[in-house]
Amino acid sequence: MKKLSARRRHPLAALVVLLLALAATGGLYAAFAPADKAQADVAAQSLAIDEGKKLFAVGCSSCHGLNGQGSSAGPSLVGVGSASVDFQVGTGRMPAQQPGAQVPSKQNIYSQAEIDQLAAFVASLGPGPVTPTKEQYTSTNPDDISKGGELFRTNCAQCHNFAGQGGALTKGKYAPSLEGADAKHIYEAMQTGPQNMPSFPDTTMPEEQKKQIVAFVRHTNSDEPNPGGLTLGSLGPVTEGLFGWIFGLGTLIAVAIWVAAHTTKAKKS
Amino acid sequence: MSHDMSEEKLPESHGAAGEVADHVDPFADPGLPAHEPRRTDIDERAAKRAERQVSLMFVLSMLATVGFIASYVAIDPDKIVYIFPLGHVSALNFALGLTLGVALFLIGAGAVHWARTLMSDVEMPAERHPIEADDEVRADVIQQFKTGAAESGFGRRKMIRNTLIGSMALVPLSGVVLLRDLGPLPEKKLKETGWKEATPAKPVQLINMSTNTPMTAADIAVGSLTFAMPEGLHVHDEDFQQRIAKDALMLVRIAPDDIKDDKSREKGFDGILAYSKICTHVGCPISLYEQQTHHALCPCHQSTFDLSDGARVIFGPAGHPLPQLKITTDEKGFLVATGDFQEPVGPSYWERAR
Amino acid sequence: MSSASSTTSGATKPASTRANPANKWEAAADWTDGRLGIYSLAKANLRKIFPDHWSFMLGEICLYTFIIIILTGVYLTLFFKPSMGEVIYNGSYVPLKGISMSEAYASTLDISFEVRGGLLIRQIHHWAALVFVAAMLVHMMRVFFTGAFRKPREVNWVFGFLLLVLGMFDGFFGYSLPDDLLSGTGIRFMEGAILAVPVIGTYIQMFLYGGEFPGHDIIPRFFTIHVLLIPGIMLGLLVAHLILVFYHKHTQWAGPGKTEKNVVGMPLMPVYMAKAGGFFFLVFGLIAVISAIASINPIWAYGPYRPDQVSTDAQPDWYMGFSEGLIRVMPGWEISLWGHTLNLGVFVPLMIFPLVLVAIAVYPFIEGWITGDKREHHILDRPRNAPVRTALGAAWISLYLVLLIGGGNDLFATHLHLSLNDITYFVRIGFFVVPVITFIVTKRWCLGLQRRDKEKVLHGRETGVIKRLPHGEFVEVHAQLPQKDLYKLTAHEQVQPVQLPAQTDENGVAGKAGIFTRTRAKLSRGFYGEGSQIPKPTAEEHHEITSGHGHH
């Protein structure tokens, strides 16, 4: 049983790989990228920032300040990155409706294009986590599910429950259920640490592992069958106990009443 | 007592509502009511129908058993089917459970229906007898016991009596002694953790549980949460479970100005604090960290610790703060420990000194 | 003496004493009787009378679920490997492929996914266990609230109590066996609880776990306790419990023709053989159906146990929920003195836990002492006619429920959108307050019901017919109850409180009643004094009203 973990690499291996990869992509990009397209991208980007600034002034500035510098009503957004905006606005948490222990997710009122513009503006305020691309959060390797499961149990299940059903935190706060959550939003939450959730930045949890966790959550929430029957909310023994009392003992007592009752007499009606 | 307790012995059916039979004592016991027949008792057709119903249940039960065997043979254990409102469930489990349940239930339902409709439902009394024996028997038994006791000489021969009591009292000790090898003595085991290998001369790196790599201070962002174990510990080690049960760390980074406890700040490195992940209440891995309030909540019993204030207990049943491991960085910039926790980790115990 | 007579009869008669049996069945029965004495046994029991009432079948639910648990449990042991040796999972459940886990966990996964029908048997085993403990509790409530625990049944009450406690613990050991993340957290809790025991805690912990937590011994040891030690003791107690039920004969409700000296009902053969035997199949069938439609303890979803991992919603099965509540709401008190630590935050709940249970066990003896009643009781009390007892029972249940809320505080918080902390504060106060309120309310309720019974006896039942009196007043016509109902409503006897012995003896010397005598008199007044029961109607009152002006 006792064997050295094969996964363990030299501490600097990641750095070397990263440098090589950067050099390779940089070289390839320089070789193939058409110069005029790059310029067009820059132009489009500045347009998006301008549009985003307008949207921001209308929807966000009352709390976060005109330039996202923050106020007593809302934190500074300098350096939170586009991923934060995409998560907060995309899940409908922002703009917030009312103060409370926690800002809940609700129906999102912006189109994805508008969210991207807002994100571009906020990203321009200072560098921060970038909205992931589809490749970053979509796993194609089936082994990722079990690896993600182990990571999930180490890093996530303590708050979000073994099946991602969510759970209670202190003083009315809660870890939300991950049921139906967008893969991208799960990924962004790990990157940015929204509200009271701690962040799991790439430095301590590399992209690959986030992708594995997303794969596990998606599998558990959507694809995973419940071989035994009703899951009873995947909340553990509390709901099982309730079900056992009501449907188990309850039905048995109903049957007992039938067994013990006297048969109807053939009385003159 | 006998079944054919003659009907005429039973009291007549008492009058209609409002009539009290006994005018001296209106609350007197009117006695057992007369038996009233059921339909099946007086109508042979109804009885026949009940008989057919019972038999039908038994026949259906047989069919269900056949269905059980057929399901067992025919259905692939991996097969998943959608069943409303259960969702996607194992076809085999559903089929086996349902057929078994129906087969059993119908045997029971048939038997009970049979009893309720076709077996006699005449209620009859049986006499009770007092549990206590009468005085004569009691006196007899006591006399017998006294005779026996006297014949044994148990009271008279005190030496036999006392040595017997002594030997009987001692012999169970053998059984107690045999339990000694169930486990080792506690000694100092609970006082130390795997971090004791670390010394200022030979520090031990903190290894990220997710990536299995050491970490630099720059890797740990403010507001992030990371779990760590000592270098040299591997998931497939024979004693991994035992060691991780004490060595597990939770790393958080708090802006140094937000750290209220000076000692805690000093044990950390540039705002990075390494707390034991094991709750001081009963040992659950506590890690529900709220990065804005800096509170860590235990999912088992809701003890809440303020990680910005030396992990002081602010709520719940835990009795003392989470131990904090002193950390620094080595020459390569990796986070390391230079010694063990200064107090035992995990739940309190009698020999624990503060 | 009996041996002497049998030798004389043996000397005068040939070895085979019986005339030719009528058929081969009788011959077989004769053969058995000659060796086991079955005829004498059957004479007393074959036509034994059992009264009919659904609440008398609660004990049968316990018995049958216990049998189901044993049957399915034996099957599970054929596949389960109680070992903590590490293996890498390579079965058909995808989300755990390649994960290292204990053999115990891996074999439970195999039972669930590879063994055909294994999942069903596992679910039947676990559902039956939940229902078993629930049924025991409800059965005990029935016995409590009807006063069926009174002489001569106190010892059987204690047997039942022991079965309940052993059942709870066997359940705990059982759900610990798969070594999944949830049950492992339970075993970890147990370690912390043991460590909190002063002086010997660390020694017990090291001996039980074979070293430091978790070690490699705890699962195999729990296995032996779960499948052999506790079920063995339970089987013995169960047999004793049933023998006593037969020996005492069943209690019955008051009613016409039913007295303390008889039992009215239908015979074991054939009615109860069919009803009780059939009920076993009904119970088994229903639990099988539940196991087909509802999943229980999906250990594959929890993942294997690792001491550094945990999932929120970490709760035990429901019957341990009240102890979980005690643990969760206790403030974190800890005393550190002279190099020793007393962890009151764990130790106090650990001590209250058995007290909550023992309170049930000793109740019959306390009530017996207070009433000083030495007679046998076979007619059941209606709960309303013993208001203090009923109120005490209700207070106990309310305490139990408050603690269950405490044990599930996190789920109540998320599902009712409340603060976890507020629920905990509520339970801390409710632990003391709710039982008192429940006691007062229940007692008053019982007294109200007694008044209504009295009213019904004296004035009859409401017919719904409205009559106009000559002077214009409208009254509802009341119809007198038939005598069987009058008897039923007045059959209970009302205990009078015990009196203190005279303060002075015949010589005028002040005698002092001991503290026990005085406490007893005080309690007795509390139980049966003026404020605790409504005097039942007398024949005179009834005559006066019925012979007089009809209705008011």
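Numbered from 1 within each chain, the chains take letters A, B, ... in sequence-line order.
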Which residue out of C/Met330, C/Gln123, C/Lys261 racks up the most heavy-atom pairs below 4.5 Å with chain B?
C/Lys261
Can you tell me how far apart NE2 (B/His320) and OG1 (C/Thr341) are? Round to the nearest 0.5 Å.
7.5 Å
Given heavy-atom pairs under 4.5 angstrom as the criterion, report whether the side chain, backbone, both or neither of C/Val457 touches chain B.
side chain
Test item: side-chain donor near acceptor, C/Glu334 and B/Ser348, under 3.5 Å:
yes
Side chain to side chain, C/Asn343 and B/Arg352, heavy atoms closer than 4.5 Å:
no
Where on C/Gln315 is there a heavy atom nearer than 4.5 Å to chain B: the side chain, the backbone, both, or neither?
neither
What part of B/Ile278 is in contact with chain C, defined as an atom under 4.5 angstrom from a non-hydrogen atom: side chain, backbone, both or neither?
side chain
Value for CZ (C/Phe113) from CG (B/Asp78), rounded to nearest 0.5 Å, stands at 9.0 Å
Part of C/Phe50 lying under 4.5 Å from any heavy atom of chain B:
neither
Trace of the side-chain contact (heavy atoms from CB on, under 4.5 Å) decision for B/Phe27 with C/His542:
CA-CA 9 Å; B/Phe27 306 148; C/His542 188 263; 3.9 Å; yes
Can you tell me which portion of B/Met209 sits under 4.5 Å from chain C's heavy atoms? Options are side chain, backbone, both or neither.
side chain
Whatever's closer than 4.5 Å to a heavy atom in chain B on C/Thr202 counts as both
Kindly determine whether C/Glu212 and B/Lys246 satisfy side-chain contact (heavy atoms from CB on, under 4.5 Å), including the steps that lead there.
CA-CA 10 Å; C/Glu212 280 189 87; B/Lys246 290 200 299 189; 2.5 Å; yes
In terms of side-chain geometry, is the basic nitrogen of C/Lys151 or B/Glu132 positioned less than 4.0 Å from the acidic oxygen of its partner?
yes
Comparing C/Ala274, C/Gly345, C/Ala314 against chain B, the one with the most heavy-atom pairs below 4.5 Å turns out to be C/Ala274
What's the separation between atom CG in C/Leu120 and atom OH in B/Tyr72, rounded to the nearest 0.5 Å?
11.5 Å
Which answer fits C/Tyr305, side chain, backbone, both or neither, if we ask what part of it has an atom under 4.5 Å from a heavy atom of chain B?
both
For B/Pro85, is it the side chain, the backbone, both or neither that has a heavy atom under 4.5 Å from a heavy atom of chain C?
neither
Cut-off 4.5 Å, heavy atoms of chain B, and the answer for C/Asn409 is side chain
Measure the shortest side-chain to side-chain distance between C/Val263 and B/Glu127 over non-hydrogen atoms and say whether it is less than 4.5 angstrom.
no
Heavy-atom pair of closest approach, residues B/Pro184 and C/Gly210
CD-C, 3.7 Å
Side chain, backbone, both or neither: which part of C/Ser92 has an atom under 4.5 Å from a heavy atom of chain B?
side chain
Part of C/Pro331 lying under 4.5 Å from any heavy atom of chain B
backbone
Which portion of B/Phe315 sits near chain C, non-hydrogen atoms under 4.5 angstrom:
side chain
When you compare the side chain of C/Met206 with that of B/Leu190, does any pair of heavy atoms fall below 4.5 Å?
yes
Looking only at C/Thr185, C/Leu195, C/Leu282, C/Val264, most heavy-atom pairs under 4.5 Å shared with chain B are made by C/Leu282
Looking only at C/Thr312, C/Val329, C/Ile293, most heavy-atom pairs under 4.5 Å shared with chain B are made by C/Ile293
Check: C/Arg328 side chain, B/Cys300 main-chain N or O, donor-acceptor pair, under 3.5 Å:
yes
Please classify the contact of B/Ala248 with chain C as side chain, backbone, both or neither, using a heavy-atom distance under 4.5 Å.
side chain
Using distance alone, with no hydrogens and no angle criterion, decide if C/Glu86 and B/His236 have a side-chain donor and acceptor under 3.5 Å apart.
yes
What distance do C/Ile124 atom CD1 and B/Leu100 atom CG have between them, rounded to the nearest 0.5 Å?
5.5 Å
Between B/Asp121 and chain C, which part of the residue has a heavy atom less than 4.5 Å away: side chain, backbone, both or neither?
both
Measure distances from B/Leu92 to the heavy atoms of chain C and classify the residue's part below 4.5 Å as side chain, backbone, both or neither.
side chain
Side chain, backbone, both or neither: which part of C/Phe284 has a non-hydrogen atom closer than 4.5 Å to chain B?
both
For B/Leu297, is it the side chain, the backbone, both, or neither that has a heavy atom closer than 4.5 Å to a heavy atom of chain C?
side chain
When you measure from the side chain of C/Arg306 to the backbone N and O of B/Val235, does any donor-acceptor pair fall under 3.5 Å?
no
Measuring only between side-chain heavy atoms, which start at C-beta, is B/Pro33 closer than 4.5 Å to C/Lys484?
no
For B/Trp350 and C/His340, take the angle between the two ring planes, folded into 0 to 90°, and tell me which bin it lands in: parallel under 30, tilted 30 to 60, perpendicular over 60.
parallel
Kindly give the heavy-atom pair with the smallest separation between B/Ala28 and C/Gln483, and that separation in Å.
O-NE2, 3.1 Å
Decide, yes or no, whether a salt bridge links C/Glu376 with B/Arg128 under the criterion of side-chain N to carboxylate O below 4.0 Å.
no
When rounded to the nearest 0.5 angstrom, what distance separates OH in C/Tyr247 from NE2 in B/His129?
10.5 Å
For B/Gln242 and C/Gly215, work out which heavy atoms get closest and say how close.
OE1-CA, 3.3 Å
Let me know if C/Gln309 has heavy atoms under 4.5 Å from chain B in its side chain, its backbone, both or neither.
backbone
Answer yes or no: is there a donor N or O on one side and an acceptor on the other, between the side chain of C/Arg188 and the main chain of B/Gly283, under 3.5 Å?
yes
Start with the C-alpha gap between C/Leu420 and B/Gln302, add the side-chain angles, then the distance that decides, and say whether side-chain contact (heavy atoms from CB on, under 4.5 Å) holds.
CA-CA 8 Å; C/Leu420 186 77; B/Gln302 287 82 40; 3.2 Å; yes
Using heavy-atom distances under 4.5 Å, tell me whether B/Ala318 contacts chain C through its side chain, its backbone, both, or neither.
backbone
When only pairs under 4.5 Å are counted, which of C/Met273, C/Glu260, C/Glu191, C/Met190 shares the most heavy-atom pairs with chain B?
C/Glu260
Approximate separation, where rounding is to 0.5 Å, of B/Lys277 NZ and C/Asp308 CG
5.0 Å
After noting the C-alpha distance and the side-chain angles of B/Asp29 and C/Lys488, does the key distance pass the side-chain contact (heavy atoms from CB on, under 4.5 Å) rule?
CA-CA 8 Å; B/Asp29 181 359; C/Lys488 226 188 245 177; over 6 Å; no
Contact origin within B/Leu96 toward chain C - heavy atom pairs under 4.5 Å:
both
Okay, B/Asn93 and chain C: the region with an atom under 4.5 Å from a heavy atom over there is both
Heavy-atom distance under 4.5 Å to chain B: side chain of C/Ser295, backbone, both or neither?
neither
Using non-hydrogen atoms only, which part of B/Phe227 is less than 4.5 Å away from chain C: side chain, backbone, both, or neither?
neither
Would you please indicate if the ring centroids of B/Tyr349 and C/Tyr203 are separated by under 6.0 Å?
no
Between B/Val282 and C/Ala193 the two heavy atoms that sit nearest each other are CG1-N, 4.1 Å
Heavy-atom pairs under 4.5 Å with chain B: which of C/Ala292, C/Ser311, C/Gly192 has the most?
C/Ala292
